[in-house]
Number of protein chains: 2
Amino acid sequence: MKPTVHDIARSAGVSLATVDRVLNGRPGVRSITRERVEEAISSLGYVRDVAAANLAKGRTYSFTFILPDNDNSFMIGLRDEVRLAMARSGAERVLIRTLTVPPFDAEALVAALETVLEEQPAGIAFVAVDAPSVRAMTQRLKEAGVAVVTLVSDLPGSARDHYAGIDNQAAGRTAAGLMGRFLDGKGGRVAVLAGSMLLRDHRERLEGFLSVLAEDYPKLAILPVMEARDDATLAGELVSSALARHPDIAGIYSLGAGNRGLIRALRDMKAERRPRVIAHELTSSARAALSEGLIDAVLNQDAGHEVRSALRVLKSKADGLSVIAAQERIRIDIFLKDNLP
Amino acid sequence: MKPTVHDIARSAGVSLATVDRVLNGRPGVRSITRERVEEAISSLGYVRDVAAANLAKGRTYSFTFILPDNDNSFMIGLRDEVRLAMARSGAERVLIRTLTVPPFDAEALVAALETVLEEQPAGIAFVAVDAPSVRAMTQRLKEAGVAVVTLVSDLPGSARDHYAGIDNQAAGRTAAGLMGRFLDGKGGRVAVLAGSMLLRDHRERLEGFLSVLAEDYPKLAILPVMEARDDATLAGELVSSALARHPDIAGIYSLGAGNRGLIRALRDMKAERRPRVIAHELTSSARAALSEGLIDAVLNQDAGHEVRSALRVLKSKADGLSVIAAQERIRIDIFLKDNLP
DNA sequence: CAGTTATTGAGGTACGTAAATCAGAAATTT
DNA sequence: AAATTTCTGATTTACGTACCTCAATAACTG
């Protein structure tokens with residue numbers, strides 16, 4: 001049977017209280033005794049029963065999610081997933097609070113983090129805005145002993161414990177790999193539709209896309225990037241006019257939100273003239289366009305997985321446990337109309 | 001605070017013992033009283049603290065994994081993942097046993113299940129062989145109250161609680177969708193390399209592949225399926241001779257194991273004559289071929305995810321809880337050289 | 001060596017639930 | 001109405017760990 005603290009006490013020839021002192025790093029144990037206990041622990045292969053420990057502690061993990069109040073489908077979906085997680089969290093001893101902040105606003109985010117810090121939660125997950133002030137705040141959170149996970153958008157070089165999101169550069173490269181193979185032997189121009197170059201994830205996707213295209217598919221000409229600020233109407237106009245100006249557009253990579261406008265523009269074209277289209281995020285409109293054949297491939301990040309992964313990591317970090325790296329890697333899903341879930 | 005059994009007892013005006021009887025379906029409670037208790041449960045929003053319950057029960061989940069002793073990379077990897085899960089399982093109260101059986105052998109599998117049944121484990125996961133005897137055995141397992149999950153290969157129409165594996169037909173369709181787009185405008189022949197048509201997953205992949213190709217890409221001619229029995233040497237020979245006979249082969253879909261032979265054959269060709277290649281399972285050789293550009297895309301099922309998902313489901317079923325469907329859907333990963341993990 | 005401090009032991013209570021016993025009350029049958 | 005059966009309450013122990021107190025011993029200090 002699994003060894004318990006009692007077994008350790010017996011094996012080390014000490015009392016339960018001493019084992020407890022060692023296990024929980026409490027003072028009042030000679031180093032010789034401590035070593036004896038630790039030896040017993042490792043030789044018996046003792047692992048603390050986390051469930052029982054938490055029961056005894058009466059602990060409830062309190063976590064806070066800070067989410068931007070963007071109104072695109074992806075962020076709405078993300079907030080929904082957090083809400084679902086909250087509903088489920090009652091069963092375990094987890095208490096989740098959420099806070100929404102204006103998007104792309106570093107100062108608002110810092111202010112929110114400040115507020116949250118005062119409540120001393122066990123952990124925080126937030127969609128990072130890439131700014132020095134946010135990095136500094138993250139440092140302070142860590143110093144206060146709070147577990148920190150960035151969600152969807154990372155904060156490289158900061159003190160965060162973990163990033164629950166996809167590798168956006170790899171996503172861009174993958175889009176290029178697909179696009180290159182789709183257009184292989186045909187040539188033509190490739191248009192790129194982005195949200196905003198101020199967003200780190202958009203920049204990274206673009207970077208990955210351009211680098212692979214330049215290196216592996218030099219025959220494809222790339223048009224200047226269109227920035228549609230994740231706005232469907234603007235996106236539609238930009239795409240339409242680009243298609244009118246350049247009849248030889250063979251491929252479009254839409255790396256941001258606002259795909260509804262793009263889809264509208266595509267639907268207006270004659271079917272045989274339509275370019276190959278790769279987009280991001282499997283929203284309901286993207287899904288419809290995929291089935292319809294307007295979009296060829298959608299790269300997706302599963303918001304549900306991201307939220308659950310963030311929670312698992314927060315819990316592990318709060319318990320001081322290690323995480324299963326392979327399990328927490330958020331994958332880039334590639335959907336064709338043939339493998340829609 | 002979270003309500004406990006004590007709160008329910010007080011609120012319903014009954015004793016703790018009665019609450020316990022209701023909660024655990026024990027006899028000896030009048031239906032009127034039972035209703036009162038249930039009302040208190042739902043009005044207080046009581047949820048059983050599973051951790052405390054398991055602690056009290058002193059329960060250790062015992063699960064058995066039955067795995068074929070195939071020696072291809074995927075099965076080796078699967079067995080490794082089960083071993084990893086066993087190593088981690090000590091921390092929770094889970095005891096995992098494994099059993100290996102000869103592959104593709106329904107009777108051996110049934111015999112193994114029979115043995116396992118006598119040990120009365122809480123749950124069983126096994127790689128199914130599609131046979132009526134296995135279906136019947138599954139029925140008996142369920143009747144004995146054992147949670148049953150099929151792993152990697154399903155047993156449709158059986159009594160199993162869950163299937164932890166990919167949708168192989170969708171995988172075949174996806175391969176066809178990619179292949180069709182890769183070869184769009186070029187035409188040519190497409191060769192299919194399979195392991196054995198006796199394997200349900202291979203049949204399903206082929207079916208999906210052929211149906212999409214026929215429907216969406218009628219210009220592509222499909223060569224008769226080559227069966228290499230998942231043997232690398234044979235696969236290499238088959239591919240080489242097919243390429244020699246048909247110089248216009250533009251695409252190859254390898255839907256089984258034994259990719260090393262295929263890769264060897266590809267490496268022997270002049271680079272500019274190489275066809276587009278889509279294969280299954282991201283083994284180390286497939287990964288190398290992907291980076292090298294010999295293979296264009298690899299469809300993969302993550303054995304680690306499958307094992308962890310199977311375990312989660314077994315545990316939930318053993319506890320009589322529901323599972324998060326979205327979390328347990330095993331996805332078809334698509335890897336290009338650009339998004340290798 | 002007495003006095004002080006640092007260790008250690010012994011024991012208890014608590015967390016929320018399970019499971020058991022036994023006595024008593026209520027309902028049902030005879 | 002008595003006997004029997006069915007239901008319910010009260011109480012206890014247990015699971016594995018955390019955390020507390022008090023007493024006892026060991027190790028240092030002056």
Side-chain angles (χ1 to χ4, degrees), chain A residues 1-38 40-41 44-61 89-95 122 318-321, chain B residues 1-41 44-61 90-95 122 318-321:
Chain A
M1 278 296 89
K2 250 185 70 177
T4 74
V5 279
H6 297 86
D7 300 318
I8 296 173
R10 205 169 333 112
S11 160
V14 300
S15 79
L16 220 60
T18 304
V19 175
D20 179 67
R21 289 178 187 118
V22 172
L23 276 175
N24 296 294
R26 279 185 254 278
V29 184
R30 258 187 312 170
S31 52
I32 310 152
T33 317
R34 165 162 283 124
E35 273 168 36
R36 248 208 341 235
V37 173
E38 275 163 357
I41 288 175
L44 289 184
Y46 169 81
V47 271
R48 181 200 244 101
D49 185 325
V50 185
N54 286 339
L55 179 59
K57 276 192 273 210
R59 155 172 223 170
T60 48
Y61 304 84
S89 65
E92 295 134 54
R93 28 193 70 256
V94 175
L95 200 75
D319 282 336
L321 300 175
Chain B
M1 277 290 91
K2 251 185 69 176
T4 74
V5 279
H6 297 87
D7 300 318
I8 295 172
R10 204 171 332 111
S11 161
V14 301
S15 79
L16 219 59
T18 302
V19 174
D20 180 67
R21 288 178 187 117
V22 171
L23 275 176
N24 295 292
R26 279 185 255 278
V29 184
R30 256 186 315 170
S31 52
I32 309 151
T33 317
R34 162 162 286 121
E35 273 167 36
R36 250 213 335 242
V37 173
E38 275 163 356
E39 205 181 290
I41 288 175
L44 289 184
Y46 168 81
V47 271
R48 181 201 242 99
D49 185 324
V50 185
N54 286 338
L55 180 60
K57 277 192 274 212
R59 156 170 225 171
T60 48
Y61 305 85
E92 296 134 53
R93 29 194 71 254
V94 176
L95 199 75
D319 282 335
L321 300 175

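All values reported here derive from a predicted model rather than from experimental measurement.
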For N24(B), answer base if it contacts any base atom (sugar-phosphate contacts may also be present), sugar-phosphate if it contacts only those atoms, and nothing otherwise; contact means non-hydrogen atoms under 4.0 Å.
sugar-phosphate
How would you label the contact of G58(A) with the nucleic acid (heavy atoms, under 4.0 Å): base, sugar-phosphate, or nothing?
nothing
Is any side-chain heavy atom of [X] closer than 4.5 Å to a side-chain heavy atom of [Y]?
| X | Y | value |
| --- | --- | --- |
| H6(B) | V19(B) | no |
| K2(B) | V47(B) | yes |
| I41(B) | L23(B) | yes |
| N24(A) | R48(A) | yes |

Length of the [atom1]-[atom2] vector between [X] and [N], whole Å:
| X | N | atom1 | atom2 | answer |
| --- | --- | --- | --- | --- |
| R48(A) | dC19(D) | CZ | C1' | 13 Å |
| R34(A) | dT8(C) | CZ | C1' | 13 Å |
| I8(B) | dA18(C) | CD1 | C1' | 14 Å |
| R93(A) | dC15(C) | CZ | P | 11 Å |
| D49(A) | dG16(D) | CG | C1' | 6 Å |
| K2(B) | dT17(C) | NZ | C1' | 11 Å |
| L55(B) | dC15(D) | CG | C1' | 4 Å |
| R26(B) | dA20(C) | CZ | P | 7 Å |

Tell me which nucleotide among [options] gets nearest to the side chain of [X].
| X | options | value |
| --- | --- | --- |
| V5(A) | dT17(D), dG16(D), dT17(C) | dT17(D) |
| R30(B) | dA27(C), dG16(D), dA18(C) | dA27(C) |
| K57(A) | dT17(C), dC19(D), dT8(C) | dC19(D) |

Is it true that, when you exclude E38(A) itself, more than 12 heavy atoms of the residues, nucleotides or ligands shown sit nearer than 6.0 Å to its CD?
yes
Please compare H6(A) and V29(B) by the position of their nearest nucleotide in DNA chain D and report the one closer to 5'.
V29(B)
Does any N or O in the side chain of R59(A) come within less than 3.5 Å of the main-chain N or O of N54(A), such that one atom is a donor and the other an acceptor?
no
Positions of residues 10-23 of chain A (non-hydrogen atom under 4.0 Å from DNA chain C), listed by number
G13(A), V14(A), S15(A), A17(A), T18(A), R21(A)
Pairs where residues 13-24 of chain B contributes a residue and the test salt bridge (Lys or Arg N to Asp or Glu O under 4.0 Å) is met, not counting sequence neighbours
D20(B)-R26(B)
Minimum-distance pair of heavy atoms, taken over all atoms of L44(A) and S11(A):
CD1-CB, 3.9 Å
Nearest heavy atoms of Y46(B) and I8(B), plus distance in Å
CG-CD1, 3.3 Å
Looking at five pairs on each end of the helix from dC1(C)-dG30(D) to dT30(C)-dA1(D), what is the angle between the two axes, given to 10 degrees?
30°
